[in-house]
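Okay, so here's the structure we're looking at.
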Amino acid sequence: MDEGNQSVTSEFVLLGLCHSWNIQVLLVTIFLVFYLIIVSGNIVIMILIITDSHLHSPMYFLLANLSFVDMWLSSITIPKMIADFLKESKTISFGGCMSQIFFAHFIAGFEMVLLAVMAYDRYVAICKPLRYSTIMSLRMCIRLVVTSWITGFVHSMSQIVMIVLLPFCGPKEIDSFFCDRPLVIKLACMDSYSLDILMNLDCGVLAVTCFILVLTSYIYILLTVHRSCKSGASKALSTCTAHITVVVLLFGPSIFIYVWPLSITWVNKFLAVFYYVFTPLLNPVIYTLRNKKIKNALKRFRSYYLECKGNR
C-alpha cells in the first residue's frame with residue numbers, strides 16, 4: 001500500500017455524541033461521575049480480594065482480574081470523551097486512534113476469554129466439587145489468566161496490523177466519540193468491504209467460541225443441579241447468576257458493534273456507550289450486591305478502617 005497516502009491523514013475528527021453545547025456540559029458531569037464510580041468501585045473490589053483472606057480462592061482471583069480489566073476498558077474511551085466535550089474541535093492523532101483500537105480489542109479479547117474461564121471455574125466447582133482445589137490450583141488459575149492476556153493480545157494485533165497499513169487520504173470524520181474500528185476502516189482510500197468482512201469474522205470467531213464455552217459450562221451446571229437435590233448445589237448455582245448477567249452485558253453489545261454491526265448511527269453510539277461505560281459500571285455493582293462474601297468483606301474492611309481511625 002502507498003505509505004505516502006497514509007501520511008496525508010495525521011489526525012481524525014470525532015463528531016462525538018451530540019452537537020448541543022448544553023447537552024455536552026450535562027454529559028461531562030454524568031460521565032465524569034460514572035468514570036469515578038467505575039474506577040473506585042473496581043479498585044475497592046481488587047483491594048478487598050487482595051487483603052481479605054476469606055476471598056483468597058480461584059473465583060475471586062478471577063473476579064479481581066475482571067475488575068482490573070473493566071477499569072481499563074472504561075479508561076480507553078471515557079477520559080478522551082470527557083475532554084472532547086469541552087473542546088470545539090474534537091480531534092485525535094493517527095497514533096492515538098490506532099492506540100484506541102488496539103487497546104479496545106486487546107481488553108475486549110482478554111475479557112471474553114476471562115469470562116469463559118470464570119464459567120469453567122463455576123463448572124468445576126459445581127460439577128466436580130471434590131476435585132475443585134486440585135483442578136483450579138493457583139498455578140492453573142495463573143496459566144488461564146495468562147492465556148487470556150495472550151489471546152487478547154494476538155486478537156488485537158491481528159486487527160491493528162491490517163488497519164495501520166491502510167491508506168488514509170481523507171475524509172477523516174468519524175461519527176462517534178472514539179476511534180471505532182468499523183468506522184475507521186470506511187475512511188480508507190480503497191474498497192474495504194472484503195477487509196471489513198474478514199475483521200468481523202476474526203472478532204466473530206473469538207466471540208462465538210467464548211460464548212459457546214460459557215454456554216456449554218452452564219448447560220452442564222444446570223444438568224448437574226437438576227439431578228441433585230442438595231441445597232449446596234442450588235446455593236452454588238445462585239452464585240452464577242451474577243456471572244451470567246455480566247456475560248450478557250458484555251457479549252450483547254460487542255456482537256452488534258464488532259461482529260454484526262448495524263447501519264443505524266444512534267444505535268451504534270448507544271451500544272458503544274453501553275459497552276464502554278455501563279458494562280464496567282454495572283459489573284462491580286452486580287458482584288457487590290449479589291455476593292454475600294463481598295458484602296461481608298466490605299463490612300470487615302469498614303470496621304477495620306473505623307477501628308484504625310479511632311485508635312489515632
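Computed from a predicted model, the values in this text were never measured in an experiment.
Proximity of Ile174 to Lys186: side-chain heavy atoms (C-beta onward) are nowhere separated by under 4.5 Å. Annotation: side chain of Tyr276 is not in contact with side chain of Met81 (no heavy-atom distance under 4.5 Å). You'll find the side chain of Phe31 reaches within 4.5 Å of the side chain of Val277, heavy atoms only. Using a 4.5 Å cut-off on side-chain heavy atoms (C-beta onward), Thr216 and Ile212 make contact. In this structure, the side chains of Val44 and Leu298 come closer than 4.5 Å at one or more pairs of heavy atoms. In this structure, Ile294 and Leu63 have side chains that are in contact, with non-hydrogen atoms separated by less than 4.5 Å. The closest side-chain heavy-atom distance from Met136 to Leu144 is below 4.5 Å.
Among residues at least two apart or in separate chains, side chain to side chain donor-acceptor pair (under 3.5 Å) pairs with a member in residues 87-97 are Gln24-Lys90.
Between Ile126 atom CD1 and Thr224 atom OG1 the span is 8.0 Å, to the nearest 0.5 Å. Atom NZ of Lys80 is separated from atom CD1 of Ile92 by 5.0 Å, given to the nearest 0.5 angstrom. Atom CG of Leu206 sits about 4.5 Å away from atom SG of Cys210, to the nearest 0.5 Å. Rounded to the nearest 0.5 angstrom, Met140 CE and Ile135 CD1 are separated by 8.5 Å. Of the inter-residue distances, the one linking Phe68 atom CZ with Phe110 atom CZ reads 8.5 Å to the nearest 0.5 angstrom. In this structure, the separation between SG on Cys97 and CG on Asp180 is 9.5 Å, given to the nearest 0.5 Å.
By the side chain to side chain contact (heavy atoms under 4.5 Å, CB included) test, His56 pairs with Ser53, sequence neighbours left out. Listed by chain and number, the residues in a side chain to side chain contact (heavy atoms under 4.5 Å, CB included) with Thr147 are Thr151 (sequence neighbours excluded). Applying the side-chain hydrogen bond (donor to acceptor under 3.5 Å, both in side chains) criterion to Tyr35, with sequence neighbours excluded, gives Ser75. Scanning for side-chain hydrogen bond (donor to acceptor under 3.5 Å, both in side chains) contacts around Lys172 gives an empty result, with sequence neighbours left out.
Without hydrogens or angle criteria, Asn42 side chain to Ile38 main chain gives a donor-acceptor distance under 3.5 Å. The main-chain N or O of Met71 is found under 3.5 Å from a side-chain atom of Ser74 such that the two form a donor-acceptor pair. Under a 3.5 Å cut-off, the side chain of Ser156 and the backbone N or O of Gly152 do not form any donor-acceptor pair. In this structure a side-chain-to-backbone donor-acceptor pair under 3.5 Å is present from Thr279 to Phe274.
Closest approach of Leu86 to Val28, counting heavy atoms only: CD2-CG2, 3.8 Å. What you find for Cys18 and Leu27 is that their closest heavy atoms are SG-CD1, 4.0 Å. In terms of heavy atoms, Cys179 sits closest to Leu14 at N-CD2, 4.3 Å. Across Ala297 and Leu48, no two heavy atoms sit closer than the pair O-CD2, 3.7 Å. Between His105 and Cys203, the closest heavy-atom pair is CE1-SG, 3.8 Å. Closest non-hydrogen pair, Ala272 versus Phe178, comes out as CB-CE2, 3.8 Å.
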Requested in this report: Carefully, step by step, assess Phe61 and Ile142 under the rule side-chain contact (heavy atoms from CB on, under 4.5 Å).
Outcome: CA-CA 9 Å; Phe61 172 76; Ile142 293 174; 4.2 Å; yes
Query raised in the report: How far apart are the C-alpha atoms of Leu223 and Ile219, what are their side-chain angles, what is the distance that settles it, and do they pass the side-chain contact (heavy atoms from CB on, under 4.5 Å) test?
Result: CA-CA 6 Å; Leu223 291 175; Ile219 288 175; 4.1 Å; yes
Report task. Could you check Ser148 against Val69 for side-chain contact (heavy atoms from CB on, under 4.5 Å), going step by step and ending with a plain yes or no? Result -> CA-CA 11 Å; Ser148 301; Val69 78; over 6 Å; no
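Other residues, nucleotides and ligands contribute over 12 non-hydrogen atoms within 6.0 Å of the CZ atom of Phe251. The number of heavy-atom neighbours closer than 6.0 Å to CH2 of Trp72, taken from other residues, nucleotides and ligands shown, is 12 or below. More than 12 heavy atoms of other residues, nucleotides or ligands lie within 6.0 Å of OH in Tyr132, so this atom counts as buried by the packing criterion.
Using bins of under 30°, 30° to 60° and over 60° for the plane-to-plane angle, the ring pair Phe153/Phe106 lands in the perpendicular bin.
At a threshold of 4.5 Å between side-chain heavy atoms, the hydrophobic network of Ile, Leu, Val, Met, Phe, Trp and Tyr places Leu15 and Phe12 in two separate groups. Hydrophobic clustering (ILVMFWY, side-chain heavy atoms < 4.5 Å, transitive): Ile150 and Met118 are in one cluster. Connection of Val145 to Val154 is established within a shared hydrophobic cluster, with ILVMFWY side chains joined at heavy-atom distances below 4.5 Å, either directly or through further cluster members. Cluster annotation: Val39 and Leu73 are assigned to the same hydrophobic cluster (Ile/Leu/Val/Met/Phe/Trp/Tyr, side-chain heavy-atom contacts under 4.5 Å, transitive). When hydrophobic clusters are built by joining Ile, Leu, Val, Met, Phe, Trp and Tyr residues whose side-chain heavy atoms come closer than 4.5 Å, directly or via intermediates, Tyr193 is not grouped with Leu187.
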Which side-chain N or O atoms in residues 158-167 pair as donor and acceptor under 3.5 Å with protein atoms at least two apart or in another chain?
| residue | atom | partner | partner atom | Å |
| --- | --- | --- | --- | --- |
| Ser158 | OG | His155 | O | 2.5 |
| Ser158 | OG | Asp202 | OD2 | 2.6 |
| Gln159 | OE1 | Arg181 | NE | 3.1 |
| Gln159 | NE2 | Met199 | O | 3.3 |
| Gln159 | NE2 | Asp202 | OD2 | 2.9 |

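The aromatic ring centroids of Phe85 and Phe177 lie 6.0 Å or more from each other.
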